[in-house]
Amino acid sequence: MAVELCLLLLLLFCGSTVSEVQPIYKPPPGTLDFGFVPAKTYDTGAYHEPGPIGILFKIVHAFLYLVQPNPFPQDLIRKVAQQKFGNTQGDYQKPENVVLTLQAIYYEIGFIVSAALGLLFILLLPLVGLCFCMCRCCDNCGGEMHQRQKKNADCQRSCFATFLFVASLIISIGVLCAYAANQHLTSQVRGAKKLVNSNFKDLKVFLNDTPAQIDYLVSQYNTTKDKALSDLNNVGPLLGSRVQEQLGKEVRPALDAALTMAGAIRETKEALENVSVSVEVLQEGTERLHANLTDVKMHLSNTLNDSACSAAQAASTCNIIRNSLNQLNINANFSGLPGVSSQLAKVNDVLKIDLSSLVQKGYAAFNDTPDLVVNQTKNILSDIKNVLESIGSNISSFTKTLPVQKILADLTIYLTQSEAYVQDYFPLVEQYDFYRWLGCLILCCMVVLIVVFYYLGLLCGTCGYDKHASPTTRGCISNTGGNFLMAGVGFSFLFSWVLMIVVVLTFVTGGNVEKLVCEPFEDKTLFKVLDTPYLLNQQWKNYLSGMLFKNPNINLTFEKVYSDCKENKGIYTSLHLEHLFNINEFLNISMYTEDVALRIEHIQINLSKIILLDEIGKENLLNFSSSGIDGINFGAYLTEINKSVTKVDLLSFANDLEARADQLPKGALENALKGHANNIRMIHNQQVVPLEQAMSTLNQSIRLLKRTSSELMVKVKNVISAVNAAQLLINNNASLVIVQETKKYMDTIVGYFEQYIDWVKESIAMEVAACKPIANVIDTAVDIFLCSYVTDSVNTFWFGLGGSSIFLIPAIIFAVKLSKYYRRMDTEDVYDDSVEQW
């Protein structure tokens, strides 16, 4: 089991990942901020960009698709892998095995046909070359140094030269592709050392970083504990305020009503005083006004009895004025209004007790609820704090029981040994790669040698050819060009079969690796095959879980692990490590919150000491209701208040009097009447206006008293009932409110632990020991090294070399044909229109 565990954690630490810059994050209100799990920056990136040669890789992929267009044979590979061949002599003759063989042949038909053509090339071309050589030695097949003259000889020579040049150009392009692929593979193999070193460097960083991540998770418990302790230390503002808020829904309206009633008592006193003063002022004022108006009427009557009023022009006006004198009289009579002295005396007795102060004491007592909660929960909060400390100790002790340090130490030793092993053998790999590079370079040089002969032959033949010279008198340069062409033909026969052997071997190998490994790896089809139940081990349903946990029934697949690691999930989630040690048992919230919840539930708070309004205050309210203000004769007051002070508006009367005086002839009568008008105006300003103001004050006070006295007894009883109900709630039903708010308070405290547990689970699942390195290792080994570095380069090499080898055949034909026009002949014909045979 220890070996599997080490292997498991080795998978965890094998690879690298690139950490990203964490964004600035502010948690929402009420959410704990645990920060970010520390993560180092890694150098390795599991991605390869081939550069310009990538165009050649795509062309080769397209060619392979033409050769092998069939999809990846998942079912065929599963059946072949599960089938046993060779155990007995007749296994291959079984019908099911024959069917599988035929299916495999059908899938590989493109490679088989191409390989067969290559083998045919390998067998026939040397044989054809041998026969061609022997034939020419017998002066046949163009070996005879005699050329017949033809009318179209120039046209044929030009066509042969053009075709040979095009074939040579294609061969040159092919050999350049092969050379580029050869160089690319070598450069990538040399660069692989840097990639390997980068992975080892990241592994060391990763091994050192994982313990720090675990320590960070453990240390963040202090954040939870500190927040819980902060809330416990502020139990008054938190729990007490919540209790106060709930009780306040009943208590505050009752106290507010009592305080309003206290204000109403003061307003009633002020209103009664205003009524008493206003009535006194109005009684005295109306008596004085009545005397003055009587004097004015008497003086006006005397003036109107003057002889001047007997004149014809003044008689009518004086009669009108004389008839209006009865209007100069008071209208309202305040002397008969009842007094309010008895009501005022009773209200003053009520005010001897400061009801507002009593209500404010009730407010103060109710507002002391948080302090009462603090004083009554000291002992329980001390026990809860001890529980929180013990929880922190349990978490630390649990993490110490995990064999993390020992496993990391073993992995560090293994990693160091592996690095030393790779460093020791990497020079050998480079040496073998040099041999491979040299061999491939020799193959390219073979083709280059042939092409050089063809180019030299074309150059010398074209430059040295003299169309006026006969075949027997051709120049040395032209003859040399023909010899170069024949030399190229000879080397083509010598090297072509060797080249084709290499092409066939690399084509079959590289093409199948591309089709059966690289392409299915890219679309994850290969993982689906590996995840086939009972495929890799006939006794295990799931091979990976059987290897790691000795339990093949666990649903752990290569595809799921690779996908999770590709998404950089935690190793614990990706490899289902809960089957080794279940972190959920350790992170069970009930383990840590049960003791805390029990102690919080035992919190008992007694609020019976809160007195909202004592009996004195209630009796004071009852005395106010029986003060007698509801017995005031408001109708009598309002009747007189609604009357005007005088029967006529004195200002209007004075203006009218002055206007009629203007109608009289100028003289003493006119002046006397105007003097009376001014006197009336003065009486209005000095006596009527103050009386109107006093009436306004009396009106306001009477109406206030009427509103206050309306159902006063009912209002007072309602206030007392509301206060009694609130007091009853505090004394008897507060325990229910306290239990409810204590439950909410407990949920808040427990919620901090839930946040911590959820954060730990999320961190373990996504951030702690994130297994992106495993995906990087697989991508580096398969996608980058095997497929991008090796397979693509090998496939491009055989593609270029194979194309060059194929075009050697037409090049041989055109070179042989063309050499006849460049070489110096021994004999010639003057003219012959027949077809040449060689």
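We count residues from 1, following the sequence as given. Just so it is clear, the values below take in all heavy atoms, side chains as well, and ignore hydrogens, waters and symmetry mates. Worth saying up front: this structure is predicted, and the values here are computed from it rather than measured.
For the pair Asn512 (side chain) and Val508 (backbone), a donor-acceptor distance under 3.5 Å is present. Of the possible donor and acceptor atoms, none in the side chain of Lys817 sits under 3.5 Å from a partner among the backbone N and O of Phe160. Without hydrogens or angle criteria, Ser496 side chain to Ser805 main chain gives no donor-acceptor distance under 3.5 Å.
Side-chain contact between Val99 and Gln103 is present, with at least one heavy-atom pair separated by less than 4.5 Å. The shortest distance between side-chain heavy atoms of Tyr454 and Leu485 falls below 4.5 Å.
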For the pair Tyr107 and Gln68, evaluate side-chain contact (heavy atoms from CB on, under 4.5 Å) and give the outcome as yes or no after the intermediate values. CA-CA 8 Å; Tyr107 175 78; Gln68 174 56 282; 3.5 Å; yes
For side-chain contact (heavy atoms from CB on, under 4.5 Å), just list the numbers for Leu516 and Phe72, CA-CA rounded to whole Å, side-chain angles, deciding distance to a tenth of an Å, and then say yes or no. CA-CA 7 Å; Leu516 297 178; Phe72 181 68; 4.1 Å; yes
Just do the side-chain contact (heavy atoms from CB on, under 4.5 Å) check on Phe163 and Leu818 with the steps written out, would you? CA-CA 10 Å; Phe163 291 150; Leu818 185 60; over 6 Å; no
Give the C-alpha distance, both sets of side-chain angles, the deciding distance and a yes or no for side-chain contact (heavy atoms from CB on, under 4.5 Å) between Phe495 and Val447. CA-CA 8 Å; Phe495 297 153; Val447 181; over 6 Å; no
Working note: Glu108 + Asn70, criterion side chain to side chain donor-acceptor pair (under 3.5 Å); need CA distance, chi angles, decisive distance, verdict. CA-CA 9 Å; Glu108 292 285 337; Asn70 299 320; over 6 Å; no
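Classified by interplanar angle (parallel below 30°, tilted 30° to 60°, perpendicular above 60°), the ring pair Phe785/Tyr789 is perpendicular. Under the 30°/60° scheme for interplanar angles, the aromatic rings of Trp798 and Phe507 are found to stand perpendicular. Aromatic ring orientation, Tyr543 versus Phe558: parallel (interplanar angle below 30°, classes split at 30° and 60°).
How far CZ of Phe491 is from CD1 of Ile812: 13.0 Å, rounded to the nearest 0.5 Å. Atom-to-atom distance recorded for Ile170:CD1 and Leu808:CG is 11.5 Å, nearest 0.5 angstrom.
The nearest pair of heavy atoms linking Met547 to Trp540 is N-CZ3, 3.5 Å. Between Gly118 and Val504, the closest heavy-atom pair is CA-CG2, 3.8 Å. The two atoms that bring Phe121 and Pro126 nearest to each other are O-CD, 3.9 Å, heavy atoms only.
Residues Gln431 and Tyr435 bring a donor and an acceptor atom of their side chains to less than 3.5 Å of each other. With 3.5 Å as the limit, one finds no donor-acceptor pair spanning the side chains of His61 and Asn795.
With sequence neighbours excluded, the residues that form a side chain to side chain contact (heavy atoms under 4.5 Å, CB included) with Asp523 are Pro520, Thr525. In this view, Tyr562 and Asp779 satisfy the side-chain hydrogen bond (donor to acceptor under 3.5 Å, both in side chains) rule, not counting sequence neighbours.
Counting non-hydrogen atoms of neighbouring residues, nucleotides and ligands closer than 6.0 angstrom, the CD1 atom of Ile55 reaches no more than 12 such neighbours.
A side chain to side chain donor-acceptor pair (under 3.5 Å) check over residues 168-187, counting only residues at least two apart or in different chains, returns the pairs Ser172-Tyr455, Asn182-Arg436, Gln183-Trp437, His184-Gln188, His184-Ser793, Thr186-Arg436.
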